[in-house]
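Please read the structure below before turning to the comments.
Owing to the predicted nature of the structure, the values given are computational and were not obtained by experimental measurement.
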Amino acid sequence: MSDTSSTPDTRTPAQIEAEIKRRRETLAETLDEIGVRVHPKTIVGDAKARVASNIDHTLGRAYVGVNRVVGDVKGQFVTEEGAPRLERIVPVALAVVGIVGLFVVGSRRRKG
């Protein structure tokens with residue numbers, strides 16, 4: 001755009017018309033883009049994408065956390081070489097069998 005205060009406009013009418021046409025096209029493109037951005041479907045789609053991204057991030061963090069806990073528990077019952085630690089497995093297995101036995105006995109007493 002020329003500065004009309006210091007120098008006269010030396011463009012031809014055809015050049016001015018071409019400039020006006022180019023600016024109208026640019027303005028139309030800008031308005032179309034704004035229309036797409038504020039369309040309800042676009043807004044909903046963007047919101048869904050953000051929610052999905054947050055869920056993926058949260059699930060990823062949960063997976064890493066669970067994986068760490070499983071690794072820690074496995075480390076309690078297996079040596080670094082992969083051999084089972086019977087001194088830890090046997091007491092836990094006995095405790096689990098005892099608890100299950102108590103539940104079975106308790107449920108039979110209620111039925112009988």
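Hydrophobic clustering of Ile, Leu, Val, Met, Phe, Trp and Tyr side chains at less than 4.5 Å, counting indirect connections, keeps Leu94 apart from Leu102. Residue Phe77 is grouped with residue Val69 when hydrophobic side chains (ILVMFWY) are merged at heavy-atom distances under 4.5 angstrom, including chains of intermediate members. The same ILVMFWY cluster, assembled from side-chain heavy atoms under 4.5 Å apart, contains both Val73 and Val92. Note: the hydrophobic cluster containing Val64 does not contain Ile55 (ILVMFWY, side chain heavy atoms under 4.5 Å, direct or indirect links).
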Applying side chain to side chain contact (heavy atoms under 4.5 Å, CB included), run through Ile34 and Arg37 and close with a yes or a no. CA-CA 5 Å; Ile34 290 171; Arg37 286 184 183 181; 5.7 Å; no

Could you walk me through whether Glu29 and Glu33 pass the side chain to side chain contact (heavy atoms under 4.5 Å, CB included) check? CA-CA 6 Å; Glu29 289 173 7; Glu33 184 178 328; over 6 Å; no

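Residue Arg22 qualifies as enclosed at atom CZ: its count of foreign heavy atoms under 6.0 Å is above 12.
Residues Ile89 and Pro84 form a side-chain contact, since some pair of their non-hydrogen atoms from C-beta on lies under 4.5 Å apart.
The side chain to side chain contact (heavy atoms under 4.5 Å, CB included) test with Arg68 is passed by exactly one of Val66, Val70, Asp72: Asp72. For the side chain to side chain contact (heavy atoms under 4.5 Å, CB included) test with Lys21, the passing option among Glu19, Arg24, Glu17, Glu25 is Glu25; the others fail.
Between the NZ atom of Lys48 and the CD1 atom of Ile43 there is a distance of 13.5 Å, given to the nearest 0.5 Å.
Gln76 and Arg85 are not linked by any side-chain donor-acceptor pair at a separation below 3.5 angstrom, with hydrogens and angles left out of the test.
Here the side chain of Thr42 pairs no donor or acceptor atom with the backbone of Val38 at under 3.5 angstrom.
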